[in-house]
Amino acid sequence: MITPRRSDNAPDDPGPALDSGDGARGLDVRDLVVRYRARTALDIPRLSFRPGITALTGSNGSGKTTLLKVCALLLRPAAGSVSLGNRGPDPDKRANLRRHREAIGYLPQAPDFPGHFTVHEAVTYAAWLRSVPRARRAETVRRVIDDLNLTEVTEARLRSLSGGNRQRAHIAQAVVHEPAVLLLDEPTTGIDVEHRMELRTYLARLGRTRCVVLSTHHTEDIELLADRVVSLREGRIVFDGTPAELTARADGGTDDGARSVERALNALSSGGNSRQDADGGAR
Ligand SMILES: Nc1ncnc2c1ncn2[C@@H]1O[C@H](COP(=O)(O)OP(=O)(O)OP(=O)(O)O)[C@@H](O)[C@H]1O
């Protein structure tokens with residue numbers, strides 16, 4: 001059960017305590033196979049996401065969006081399971097689906113929400129859809145809008161917003177029910193440098209108690225935000241480790257920040273430097 005936030009919500013408040021049954025221990029993927037027609041798009045025997053920030057990387061078409069969609073239960077795999085908090089799926093399929101949807105927040109790569117909604121309406125709608133109790137809905141919506149620096153555009157219609165503000169409004173929709181697991185498909189794309197830093201600070205705060213998985217092509221997201229990096233190539237995990245482990249593999253530990261990360265990712269994309277932990281990436 002996700003409990004209400006404290007009223008003395010300090011700026012660095014990591015959020016409410018969570019119960020492991022609602023995904024506080026993260027998300028587990030087992031024996032996952034996804035096919036588009038005859039082509040295998042994902043083949044992941046074992047992967048677990050735990051509280052903290054995991055950056056999901058890989059070149060275009062490597063399977064990041066497909067993996068996030070499967071984890072959000074928006075795409076049915078050909079084989080395998082996705083479960084919350086190390087518990088197997090609930091035998092009651094409807095209860096299982098409800099529990100999963102409540103525990104997960106998802107930002108699609110290209111959100112498609114009606115542009116005539118104002119920011120306030122769009123976030124309130126998401127809060128209603130995700131069963132935020134009526135008694136604290138208004139306060140929750142206001143706080144999330146503030147947290148994402150959207151206060152000045154609260155009454156603006158989505159279609160009138162800049163791309164960066166619209167992206168942050170969609171992120172507000174994804175987080176408004178305080179999910180234990182956040183799956184964000186390229187959340188920092190289209191956001192200017194200043195707001196990107198603010199967004200990273202916000203996500204880092206969520207990552208202290210929640211499981212945040214974000215797909216990204218930005219090396220700075222890895223360098224400045226990620227606790228862990230999972231890299232895909234052609235639907236398979238080719239690296240699962242910390243950012244420091246990633247760069248150490250690229251250049252033996254030379255510390256030149258973003259360029260080290262970029263070299264490491266390029267090597268992984270082109271087929272070099274593969275690594276998955278001995279436990280199959282199940283951290
Ligand atoms: N609906 C679909 N039908 C057929 N093939 C698909 C479909 N969606 C994705 N694919 C294919 O599956 C593979 C993985 O695609 P996916 O979008 O998951 O990759 P990605 O890593 O998210 O790419 P990007 O970085 O460009 O967003 C690609 O080869 C893609 O062409």
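First listed ligand is number 1; within each ligand, the first listed atom is number 1.
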Side-chain heavy atoms of L67 within contact of I44, under 4.5 Å: yes
Q167 versus H170, side-chain donor and acceptor atoms under 3.5 Å: no
Top protein contact for atom 15 (O) of ligand 1, by heavy-atom distance: T66 OG1, 3.8 Å
Identity and separation of the nearest protein heavy atom to atom 30 (C) of ligand 1: R39 NH1, 4.6 Å
Atoms in ligand 1 with a heavy atom of Q109 nearer than 4.0 Å: 27 (O)
Shortest protein contact, atom 14 (C) of ligand 1 (heavy atom only): G61 O, 3.3 Å
Nearest atoms (heavy-atom pairs only) where T154 meets T118: O-CB, 3.8 Å
Which residue and heavy atom of the protein sit nearest atom 24 (P) of ligand 1, plus the separation: N60 ND2, 3.6 Å
Non-hydrogen side-chain atoms of E102 and R130 separated by less than 4.5 Å: no
Under 3.5 Å donor-acceptor, R233 side chain and G58 backbone: no
A41 N/O to ligand 1 N/O under 3.5 Å: no
Atom indices of ligand 1, in the order listed, that fall short of 4.0 Å to a heavy atom of T65: 17 (O), 18 (O), 20 (P), 22 (O), 27 (O)
For atom 21 (O) of ligand 1, closest protein heavy-atom neighbour: K64 NZ, 2.8 Å
Min heavy-atom dist G58 to ligand 1 below 4.0 Å: no
Cationic N near anionic O, under 4.0 Å, E139 to R136: no
Close-contact set for ligand 1 against S59 heavy atoms, below 4.0 Å: 21 (O)
Pairwise side-chain contact, D43 with L32, heavy-atom cut-off 4.5 Å (strictly under): no
Identity and distance of the protein heavy atom lying nearest atom 6 (C) of ligand 1: Y36 CD1, 3.3 Å
Ligand-residue contact atoms, ligand 1 with H217, heavy atoms, under 4.0 Å: 25 (O)
Test side-chain contact (heavy atoms from CB on, under 4.5 Å) applied to R168 and V153, N149, I145, the passing residue: N149
